[in-house]
Amino acid sequence: MASAPSPNPHVPFEQELCALVLDTVPRLFAVVQVCDEGAADADGWVVAWGLADDTGPTYVITVDGRARMTLASPERAVRHFTGRPGTTARLIWLAQPDAAAMDQAEAA
């Protein structure tokens with residue numbers, strides 16, 4: 001099956017694909033727990049990673065892979081990891097990527 005010609009002949013197809021990826025990339029975040037926040041010996045760790053976009057649900061998986069959640073918003077993930085006395089949870093967002101590149105390796 002032949003592929004459709006690029007709508008903009010001045011932009012190579014690979015660049016169009018990279019632009020599409022950047023336009024649709026979900027936001028990546030970590031859910032971290034903090035113990036004894038504000039104390040000199042406060043400690044923190046990552047308990048889960050999540051993907052969120054503007055149009056759909058939020059997906060969260062714990063770092064050990066034992067729990068997966070589909071939630072209405074990233075903020076709901078915090079609720080699942082809060083509750084132990086002296087421990088809080090929060091979101092830390094990773095920066096949005098500003099570049100994409102094609103992997104030249106062929107699929108097996």
Side-chain angles (χ1 to χ4, degrees):
M1 179 159 93
S3 61
S6 172
N8 184 347
H10 301 292
V11 178
F13 182 63
E14 288 81 10
Q15 286 180 327
E16 288 182 30
L17 288 176
C18 289
L20 173 66
V21 167
L22 290 172
D23 287 343
T24 61
V25 65
R27 294 186 63 200
L28 178 64
F29 64 90
V31 181
V32 298
Q33 285 182 324
V34 178
C35 183
D36 298 326
E37 187 170 1
D41 60 346
D43 195 11
W45 53 91
V46 176
V47 292
W49 288 98
L51 290 173
D53 64 28
D54 296 333
T55 61
T58 296
Y59 301 99
V60 178
I61 184 168
T62 57
V63 293
D64 63 9
R66 292 183 180 174
R68 294 182 179 142
M69 297 171 249
T70 302
L71 305 167
S73 70
E75 292 73 23
R76 297 236 177 191
V78 172
R79 295 180 191 174
H80 289 276
F81 298 99
T82 301
R84 291 180 29 203
T87 302
T88 60
R90 67 176 72 159
L91 301 178
I92 297 182
W93 292 93
L94 277 71
Q96 283 289 93
D98 59 3
M102 295 290 295
D103 182 0
Q104 297 304 319
E106 292 294 320

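Throughout, residue positions are numbered sequentially from 1 according to the sequence presented. All values reported here derive from a predicted model rather than from experimental measurement. Just so you know, these numbers use all the heavy atoms, side chains as well, and skip hydrogens, waters and symmetry mates.
- Under the 3.5 Å distance criterion, the side-chain polar atoms of Gln33 are left unmatched by any main-chain donor or acceptor of Val47.
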Please assess Val46 against Val31 for the test side-chain contact (heavy atoms from CB on, under 4.5 Å), listing each intermediate value before the final yes or no.
-> CA-CA 6 Å; Val46 176; Val31 181; over 6 Å; no
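- Trp45 and Val78 fall within the same hydrophobic cluster, where Ile, Leu, Val, Met, Phe, Trp and Tyr residues are linked whenever their side-chain heavy atoms come under 4.5 Å apart, directly or through other members.
- Residue Met69 is not grouped with residue Val63 when hydrophobic side chains (ILVMFWY) are merged at heavy-atom distances under 4.5 angstrom, including chains of intermediate members.
- Using a 4.5 Å heavy-atom cutoff, the side chains of Thr87 and Thr82 are not in contact.
- One hydrophobic cluster, built from ILVMFWY side chains closer than 4.5 Å, cannot hold both Ile61 and Val32; they sit in different ones.
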Could you give me the CA-CA distance, side-chain angles and deciding distance for Thr70 and Thr58, then say whether side-chain contact (heavy atoms from CB on, under 4.5 Å) is met?
-> CA-CA 6 Å; Thr70 302; Thr58 296; over 6 Å; no
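- Both Phe81 and Leu71 belong to a single network of hydrophobic side chains, linked directly or stepwise wherever heavy atoms of I, L, V, M, F, W or Y lie under 4.5 Å apart.
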Dump the intermediate steps for side-chain contact (heavy atoms from CB on, under 4.5 Å) on His80 and Val60, then the final yes or no.
-> CA-CA 11 Å; His80 289 276; Val60 178; over 6 Å; no
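- Every residue meeting the ring-ring contact (aromatic ring centres under 6.0 Å, His included) condition with Trp93, not counting sequence neighbours, appears here in chain and number order: Phe29.
- When the side chain to side chain donor-acceptor pair (under 3.5 Å) test is applied to Thr62, the partners found at least two apart in sequence or on another chain are Asp64.
- Taking both residues in full, the closest heavy atoms of Pro74 and Ala52 are given as CG-CB, 3.7 Å, listed atom of the first, atom of the second, then distance.
- Scanning all heavy atoms of the two residues, the minimum distance from Ala30 to Leu94 falls at N-CD1, 4.5 Å.
- Atom-to-atom distance recorded for Asp36:CG and Thr88:OG1 is 9.5 Å, nearest 0.5 angstrom.
- Pairing each heavy atom of Val25 with each of Gln96, the nearest pair is CG1-NE2, 3.7 Å.
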